[in-house]
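See structure below.
Atoms within each ligand, like the ligands themselves, are counted from 1 in listed order.
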Amino acid sequence: MDIEPLRAFEDNYIWLITRDDTDACAVVDPGDEEPVISVLEKRDLRLTSILVTHKHYDHTGGIDALKKRYPGVEVFGPGNESISQISRSVEDHQQISLPGMNLDFEVLSIPGHTEGHVAYLGNGVLFCGDTLFAGGCGRVFTGTFEQMSASLDRIRKLPPETQLYCAHEYTQANVGFGLWVEPQSEVLKQRQQSVEAAVEQAIPTVPSSLQQELDTNPFLRVEQQNVISAAEQWAGRPLNNNAEVFTALRRWKDRDYD
Ligand SMILES: [Zn+2]
């Protein structure tokens, strides 16, 4: 299995999944059809599946045109969000198989950014949409802070070697906020340097490994004493559990950093 980024809009990634033993392929979160069609035409690939993580337009805007162009393409997505183009509604723990590709993924329900957000886990990778970003996490829009905290706790427990494919290139800004939370972290300072170098050369900073996130992403480090202390200092009160620490970190970033 190969996974490549197709850039869309300002900073979105549409992930293209291919295999060298078939012309069938899949894309994740096609907010725009143009980058997808252009690479599929060039390489004579046939789109058999679309994986959708959540309802936002920058993840779904290309689906109608892709369905028209590739009739029969299956569109997998969460059944409890309003995404009219879904042909295969998915739910938590469901196993899905990508048509013509002999690749299986498990659906993880990870609400918070939206009420029905899902991720796709399998073959050593996680497509996590706008829930977990490299160095950060998505905003809480139509889900709740408690949901988002539980979803991040769930991702935290996956195998640390899991490769995380999120949907935006936000890493540089995220790492900057991480250094607000943990200004002494040497490993975070190193990450900042390597991210800056990559961005300068227009090299994607995604995917990252879960281990790297566990070491440097404040939103996955809500059980670390120094992260708890920083969040408590910002909140001005004691924080008693992961959800409270997460909520303080997220509000801190929303209000003071972004
Ligand atoms: Zn979104």
Side-chain angles (χ1 to χ4, degrees), residues 3 5-17 26-36 49-66 75-86 89-92 105 107-121 125-155 164-175 177 204-208 213 217-220 246-247 249-255 257-258:
I3 306 173
L6 309 178
R7 288 184 188 265
F9 310 118
E10 286 286 290
D11 49 34
N12 280 68
Y13 289 127
I14 300 167
W15 296 106
L16 170 66
I17 309 171
V27 290
V28 184
D29 285 347
D32 188 6
E33 69 276 14
E34 280 309 322
V36 178
S49 32
I50 295 172
L51 304 181
V52 184
T53 62
H54 67 293
K55 65 186 178 182
H56 287 158
Y57 188 73
D58 62 323
H59 299 248
T60 60
I63 299 176
D64 284 334
L66 290 172
V75 182
F76 298 88
N80 57 345
E81 290 207 351
S82 50
I83 306 168
S84 63
Q85 304 95 336
I86 288 176
S89 171
V90 300
E91 57 184 42
D92 199 16
F105 288 91
V107 177
L108 263 60
S109 172
I110 48 166
H113 175 71
T114 60
E115 68 278 17
H117 198 301
V118 296
Y120 299 91
L121 173 70
V125 312
L126 181 76
F127 294 104
C128 49
D130 285 357
T131 298
L132 183 70
F133 291 130
C137 74
R139 286 171 182 266
V140 175
F141 285 121
T142 49
T144 67
F145 285 87
E146 289 72 22
Q147 284 178 333
M148 189 67 154
S149 171
S151 296
L152 294 174
D153 281 345
R154 193 169 174 191
I155 292 174
L164 305 168
Y165 287 81
C166 65
H168 289 276
E169 180 62 60
Y170 289 160
T171 319
Q172 190 170 21
N174 286 337
V175 167
F177 177 71
T205 63
V206 184
S208 60
E213 299 307 322
N217 186 328
F219 296 98
L220 294 188
F246 165 75
T247 301
L249 291 173
R250 188 62 257 182
R251 290 196 197 282
W252 182 5
K253 185 165 188 284
D254 288 345
R255 286 180 195 169
Y257 184 81
D258 285 337

Verify the distance test for [X] against the Zn ion (ligand 1): any N/O/S atom under 2.8 Å, yes or no.
X      : value
Asp130 : yes
His113 : yes
His117 : no

Sequence neighbours left out, cut at 3.5 Å: what donor-acceptor pairs do the side chains of residues 136-143 make with other protein atoms?
{"from": "Arg139", "atom 1": "NH1", "to": "Asp254", "atom 2": "OD1", "distance (Å)": "3.4"}
{"from": "Arg139", "atom 1": "NH2", "to": "Asp258", "atom 2": "OD2", "distance (Å)": "3.4"}
{"from": "Thr142", "atom 1": "OG1", "to": "Glu115", "atom 2": "OE1", "distance (Å)": "2.7"}

* Will you find, in the side chains of Ser109 and Glu91, an N or O donor that is under 3.5 Å from an N or O acceptor? ->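 No, Glu91 and Ser109 have no side-chain donor paired with an acceptor closer than 3.5 Å.
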* Quick one: which of Phe133, Tyr257, Tyr170 gives a ring-ring contact (aromatic ring centres under 6.0 Å, His included) with Phe177? ->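 With Phe177 as partner, ring-ring contact (aromatic ring centres under 6.0 Å, His included) holds for just one option, Tyr257.
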* Asked: So, for His117 and His56, is the gap between ring centers shorter than 6.0 Å?
  ->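 For His117 and His56, the ring centres are not under 6.0 Å apart.
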* Quick one: report the N, O or S atom of His56 that is nearest to the Zn ion (ligand 1). =>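 Result: ND1.
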